Structure formats: structure tokens, C-alpha cells
K.L.:
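Before we start, here is the structure in question, set down as C-alpha cells.
Counting convention: from 1, in listed order, for ligands and their atoms alike. On a predicted model such as this, the values are computed, not experimentally measured, just so you know. Residue numbers count from 1 along this sequence.
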Amino acid sequence: MPESIPFLSLQHQHEPIEEALQAAMQRVLKSNWFILGKELDHFERVYASFSNTQYCVGVANGLDALILSLRVLGVKEGDEIIVPANTFIATVLAVTAVGAKPIMVEPRSDTYCIDETRIEEEITHRTKVIIPVHLYGRPCNMNAIMKIAQKYELKVVEDNAQAHGAIHRNKMTGSFGHCNATSFYPGKNLGALGDAGAITTDDKTLYERLLKLRNYGSTIKYYHDVTGVNSRLDELQAALLSVKLKYLPQWTEQRKHLAKLYIEKLQGVGDLILPKSDPEYTHVFHLFVVRTFFRNELQDYLNNFGIQTLVHYPLPPHLQQAYAHLGFKKGDFPITEELAQTSLSLPFWPGMDEEMLDTVSDRIKRFYDGK
Ligand SMILES: *Cc1c(COP(=O)(O)O)cnc(C)c1O
């Protein structure tokens, strides 16, 4: 009998707080003020405080947050930006959107995050910024990365889209870089009910420039100091995010608990490689990703029992059609390519029924029993 377990359920997150979400929506409706108002001011204050940074600037989405971070740091055509080869394509799209060149670095095969020991060899006189991505909710080695940046006078923009609330040695991700981009896409650990993003920083000058950049280059209406864009986080999404932010710590605890259960149940099963824990890094498990050389077969098998899984990500940025003109070829980033072949994200969300998690784990065991 098919079990029908979805990959992700936002319903379980929203149902228990529906009244508070409705009240926030009602408040915005009644205020008749929808763009750049007190809901956004409030969210920016509470998110900056949550992130342990001085400032937060709400923007339209995570990709814009990355693009505006690079623009505010003065990145221009011909500059080189160090990015992980193993990431969601938005990280790379931001670099090419400002005319800069992405210099890709392989991940560590134990954490899947950028390999900090391979960054230095890619630095040239053109390098301007390093963009570490805390992939799947696992912090990069930020201490090492900040040291390299300091040594070569580079800027750092964290891509914190998958890691709200993650911690490396008592410091929040999203508070290390000169400015840091995040996304509140609905499926992220902190998600809006639509598109939204933000930039966090401790630098007042960058903050003030970002306020202009996101709003047509203007702080005084109809006077434009720079060629900005329209990338604002609207009042409705800001009000909803302020409600949801209060629950984020508890959702993070649920994610960690469920990840621990999966790890207990799947330890030693078949050829599975499970996420590793490390006391210096608080992994907030945006996704629960396992690896297996039988990936496609396992995915099909689970699918036949109604268990939905996804692959993050099946084709790395350097092999995408969109970047054919950059001249990369298969084999250029073997670790990244192997991760794309072997990774599988299991059903996972805060509040997931533990029985469902058992069902998924048992199915996976049975798959390997038949091998
Ligand atoms: C989701 C995501 C983004 C982009 O965020 P959007 O809000 O969808 O534009 C950027 N980087 C990473 C690592 C992401 O996971």
C-alpha cells in the first residue's frame, strides 16, 4: 500500500500559528500601507537582533540579496568572486549578474560546504569577494575563511539562505561577512508566504547604501543618488515573517531532533553516508541529505511506495546550459559532480510525524535488504 509521504509539508508549520498569521495579514490590510512601512522596520530590527548584527535590509528575494551585496561592495565587471562549485545556482547567478567572474572551489566531501583549504590557491589580484554558502544548514568553516579574507583584503558575503540560526563556534551564520544575504523563500528554515530576502551587516555605510539601492537609488522620494533597483520586502511578508521568526528557534530544535532520529535509524544501513555532526558547528538541517551510489534506484523505489524525495542538486552550476559559455566541462569539479550523482534529500520538515520518519527509514532498510 502506498504510504504517501510528501517531501515537505508547510501545512504542519502554519496550522498551529494560523490565528497569528491571520491577525498579521488583517493588520496590514487595515493599515492600507503596503511598501516600506512599520512592519518592515519591525522585522528588520528583530531579524538583525536574531542574527546578532547591527543592521538588516529587507529585499525582494535571496538572489537580489546576493546581487545587492555584491553591488554595495563595489564589485564590477572583470572582478573575480570565489564561490563553491557545489551550490544552488543563485549564488553563481548573482556573480554573473554584476558582470563578475565566478571562480568555483570544490566542496569538502565530509561537509559538502566549500573546502576552505582550496580557496587560497584560487586567489589572484582580481579577486574581490568570497561567498561561502552554508549548504543544507551546515555552517562553513567561517573562522578559516575570514582569516583568508583578512590576509588578502577580500570581502566576504555569506549566502545564508539555507542556514537561519546556524552557529559556528558561538557565532551566528549571517554575522561573519561584510554583508550577508539570505532568502525567505517559503521552503527555507524561515520562510515567508511568498518571495522575500534580506541582507545583514554591521557596517553603517553599507547599510545606508543598501537602503538606497533597493529603492530606486533613493531615500528622498523622486531624488535618485544612484542607479538602484526595485527590490523591497513588502509589508505583508514582513508582518508574516515577524510572526514566524518567533517560532524559528523551536522549529530548529525540531529539525535537529528529527535529524538525530534519522541518523540513529539509518546508521550502518547499506552504503548510506549520513550527515556528520561536529560540536563546533550547529547544523540547522534545512535539508536532510543522505548519499548512496544507488541513488536513482533508491529514489524510484521510495517513489513507488509514495515516499517523495528530491535531489539537491542534480546538475551543478558549472554544467548548466546557462553557463556553457564559461567553457567548463564534465570532470572539472569531480567532488561536486559525485555529490550530484549520489545525494538524496529525504522527507523532512519541523513537526514531521515521527511515525512517518520511521516509515521512511524502514522502507530504506528494506530497499537494502533486497540488495
Ligand atoms: C534559495 C537560495 C537562494 C535564492 O533565494 P531566492 O529567494 O529563491 O532568490 C540563494 N542561495 C541559496 C543557497 C539558496 O538555497
Side-chain angles (χ1 to χ4, degrees), residues 7-8 10 43 47 51 56-71 81-98 100 102 104-105 107 111-114 129-140 142 145 156-166 173-174 176-177 179-200 214 229-234 236-238 240-241 244 255 283-289 310-318 320 322-323 336 339-340 343 345 348-349:
F7 172 71
L8 170 68
L10 292 175
F43 176 68
Y47 191 73
S51 307
C56 168
V57 179
V59 296
N61 55 63
L63 176 58
D64 278 2
L66 285 162
I67 292 174
L68 294 177
S69 295
L70 294 177
R71 277 194 65 182
I81 310 296
I82 293 189
V83 294
N86 184 44
T87 184
F88 177 57
I89 196 165
T91 319
V92 188
L93 285 173
V95 173
T96 52
V98 299
M104 298 187 188
V105 172
T111 68
Y112 318 140
C113 288
I114 192 167
V129 176
I130 306 173
I131 312 184
V133 181
H134 309 299
L135 200 69
Y136 309 153
R138 207 276 185 193
C140 300
M142 287 312 297
I145 292 169
V156 172
V157 173
E158 287 172 73
D159 180 339
N160 199 33
Q162 302 191 357
H164 311 123
T173 60
F176 288 89
C179 52
N180 309 297
T182 195
S183 162
F184 306 118
Y185 177 81
K188 309 288 189 192
N189 287 28
L190 177 61
L193 308 192
D195 275 314
I199 301 161
T200 51
R214 73 162 175 201
V229 295
N230 174 1
S231 182
R232 302 172 299 217
L233 200 176
D234 64 70
L236 187 58
Q237 297 305 336
L240 294 164
L241 283 166
K244 292 186 71 178
R255 285 178 188 275
H283 194 320
V284 294
F285 291 98
H286 171 54
L287 298 169
F288 190 85
V289 180
L310 290 177
V311 173
H312 298 90
Y313 299 91
L315 189 65
H318 73 279
Q320 295 284 349
Y323 286 129
T336 300
L339 293 178
S343 297
S345 306
F348 192 76
W349 61 88

K.L.:
Please list, chain by chain and in numerical order, all residues satisfying salt bridge (charged side-chain N to carboxylate O under 4.0 Å, His left out) with Arg255, sequence neighbours excluded.
P.N.:
none
K.L.:
Tell me the nearest of Val59, Leu63, Ile89, Val133 to atom 9 (O) of ligand 1, using heavy-atom distances.
P.N.:
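Minimum heavy-atom distance to atom 9 (O) of ligand 1 goes to Leu63.
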K.L.:
Can you sort out which atoms of ligand 1 are near Phe88, meaning under 4.0 Å from one of its heavy atoms?
P.N.:
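Checking each atom against Phe88, I get 2 (C), 3 (C), 14 (C).
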K.L.:
Roughly how far, to the nearest 0.5 Å, is the CD1 atom of Ile199 from the CG atom of Leu66?
P.N.:
8.5 Å
K.L.:
For atom 13 (C) of ligand 1, what's the nearest protein heavy atom and its distance?
P.N.:
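The closest heavy atom on the protein side is Asp159 OD2, 3.4 Å.
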K.L.:
Determine whether the side chains of Asn160 and Thr182 contain a donor N or O and an acceptor N or O closer than 3.5 Å.
P.N.:
no
K.L.:
Would you kindly specify which portion of Asn61 sits under 4.0 Å from ligand 1, judged on non-hydrogen atoms: side chain, backbone, both or neither?
P.N.:
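The part of Asn61 near ligand 1 is both the backbone and the side chain.
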K.L.:
Out of curiosity, is Lys188 lining ligand 1, as in a heavy atom under 4.0 Å away?
P.N.:
yes
K.L.:
Which heavy-atom pair separates Leu233 from Ala196 by the least distance, and what is that distance?
P.N.:
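Residues Leu233 and Ala196, closest heavy atoms: CG-CB, 4.0 Å.
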K.L.:
Identify the heavy atoms of Cys56 and Ala198 that sit nearest to each other, and give their distance.
P.N.:
SG-CB, 3.9 Å
K.L.:
Could you grab the distance from atom SG of Cys179 to atom CZ of Arg71, nearest 0.5 Å is fine?
P.N.:
13.0 Å
K.L.:
For atom 7 (O) of ligand 1, which of Ala161, Ala90, Ser183 has the closest heavy atom?
P.N.:
Ser183
K.L.:
Answer yes or no: does an N/O atom from Gln162 fall short of 3.5 Å to an N/O atom of ligand 1?
P.N.:
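Right, the criterion is met.
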